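Scroll down for the structure; my scribbles are underneath it.
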Amino acid sequence: MTMSPLLFIGLICLAGGGSLLPAEAIWLTIPSSGERCVYEMIQANVVVVGDYLCIDQDNVGFGPTIDIHVTSPNGKELYKKTNETHGQFAFTTSETGTYFACLSSHHDQSHYTVNGTAIVSLDWKMGIRTKDWDAGVELELRKSEERVNEISANIIYLRVREAYMREVNDKTNKRVAQLSFMSLGLSITVSLFQVWHLKRFFLKKKLI
């Protein structure tokens with residue numbers, strides 16, 4: 001009796017309490033050659049946790065293996081694993097920018113007979129989503145406090161960005177005004193020179 005991949009995924013979710021394949025995970029199709037990348041714009045000092053799981057598209061079980069590496073905005077490698085079917089990466093961001101997670105099929109699939117595409121579930125959690133919350137009033141209050149702190153951090157970040165953009169805008173307006181005055185002065189100078197030159201020409205020709 002054969003079992004479809006979707007049914008296999010459902011059984012994994014039931015057996016693991018849904019922890020292996022969370023509802024918020026994204027699904028990526030990884031070809032036999034090349035790589036697929038996902039990215040997130042993340043602020044500094046944010047906890048990031050990612051869970052990934054590779055399954056076969058056409059067969060049941062953990063078949064093909066993948067290589068994965070995660071990089072920071074400046075290209076620093078934060079996580080790298082090869083020949084894996086599942087795993088987890090975690091780090092705290094040190095700078096604001098775009099963080100990449102790139103996945104590709106492992107070059108050696110000699111342990112696996114079918115040479116096809118693989119499906120990867122990737123759950124990329126940030127901030128309060130990385131906390132393992134249990135039921136209870138106290139923990140709900142702590143969860144709310146974490147949300148408030150995250151919102152406050154976002155507001156501060158937006159204010160800093162607004163102040164920076166306002167400063168850039170003021171400098172740009174000042175430079176445009178200076179350029180306008182320079183252009184006006186140059187135009188007046190050229191006009192006066194033309195008038196002087198024409199008057200001198202007419203005097204030479206005794207036309208006036």
Side-chain angles (χ1 to χ4, degrees), residues 1-133 143 146-147 150 153-154 157:
M1 178 180 177
T2 60
M3 186 185 302
S4 69
L6 291 177
L7 180 57
F8 173 71
I9 293 172
L11 291 176
I12 291 178
C13 292
L14 290 175
S19 60
L20 282 176
L21 301 175
E24 292 99 349
I26 60 174
W27 294 90
L28 301 171
T29 301
I30 310 299
S32 56
S33 61
E35 67 177 8
R36 292 286 303 275
C37 295
V38 295
Y39 61 89
E40 286 282 351
M41 180 69 181
I42 313 176
Q43 298 177 28
N45 301 317
V46 174
V47 177
V48 178
V49 176
D51 294 283
Y52 57 92
L53 170 66
C54 179
I55 64 172
D56 180 21
Q57 185 176 8
D58 304 314
N59 296 275
V60 177
F62 301 111
T65 55
I66 59 169
D67 301 336
I68 178 173
H69 62 96
V70 181
T71 54
S72 68
N74 61 12
K76 179 182 178 182
E77 197 167 70
L78 303 174
Y79 177 85
K80 182 178 182 180
K81 286 289 184 179
T82 59
N83 202 25
E84 295 282 332
T85 56
H86 64 282
Q88 181 184 82
F89 58 84
F91 59 90
T92 300
T93 58
S94 58
E95 58 182 327
T96 299
T98 304
Y99 290 77
F100 285 85
C102 294
L103 307 95
S104 60
S105 294
H106 187 61
H107 62 87
D108 180 15
Q109 297 287 350
S110 56
H111 67 286
Y112 186 64
T113 56
V114 178
N115 183 22
T117 58
I119 297 177
V120 175
S121 162
L122 177 63
D123 183 27
W124 197 325
K125 295 176 289 215
M126 295 174 289
I128 61 174
R129 285 193 60 224
T130 61
K131 301 292 181 70
D132 185 15
W133 302 102
K143 191 173 181 179
E146 289 287 338
R147 284 201 184 99
E150 193 168 282
N154 285 331
Y157 171 75

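Source: prediction; values computed, not measured.
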Residue pair [X] / [Y], side-chain heavy-atom distance below 4.5 Å:
X	Y	result
I119	L28	no
I66	Y52	yes
E95	P73	yes
I26	V38	yes
P31	R36	yes
M41	T98	yes
Q43	E150	no

T71 and E77: which non-hydrogen atoms are nearest, and at how many Å?
CG2-CA, 4.2 Å

All heavy atoms of V70 vs all of A101, minimum pair found to be CG2-CB, 4.1 Å

With rounding to the nearest 0.5 Å, note down the distance linking OG1 in T65 to CG in N83.
4.0 Å

The reported gap from CG in L103 to SG in C37 (rounded to nearest 0.5 angstrom) is 7.5 Å

Looking at [Y], is its backbone amide N or carbonyl O close enough to the side chain of [X] to form a donor-acceptor pair, meaning the two atoms are under 3.5 Å apart?
X	Y	result
S72	K76	yes
T96	A44	yes
T93	N45	yes

Can you tell which of Y99, F100, W124 makes a ring pair (Phe, Tyr, Trp, His ring centres under 6.0 Å) with Y39?
F100

Report the C-alpha distance between M126 and V48 in whole Å, list the side-chain angles of each, state the deciding distance to 0.1 Å, and finish with yes or no for side-chain contact (heavy atoms from CB on, under 4.5 Å).
CA-CA 5 Å; M126 295 174 289; V48 178; 4.0 Å; yes

Run the side-chain contact (heavy atoms from CB on, under 4.5 Å) test on D67 and K81 for me, step by step, so that the C-alpha distance in whole Å, both residues' side-chain angles and the decisive distance to 0.1 Å come before the verdict.
CA-CA 6 Å; D67 301 336; K81 286 289 184 179; over 6 Å; no

Check the pair I68, F89 against side-chain contact (heavy atoms from CB on, under 4.5 Å), reporting the backbone distance first and the verdict last.
CA-CA 10 Å; I68 178 173; F89 58 84; 4.1 Å; yes

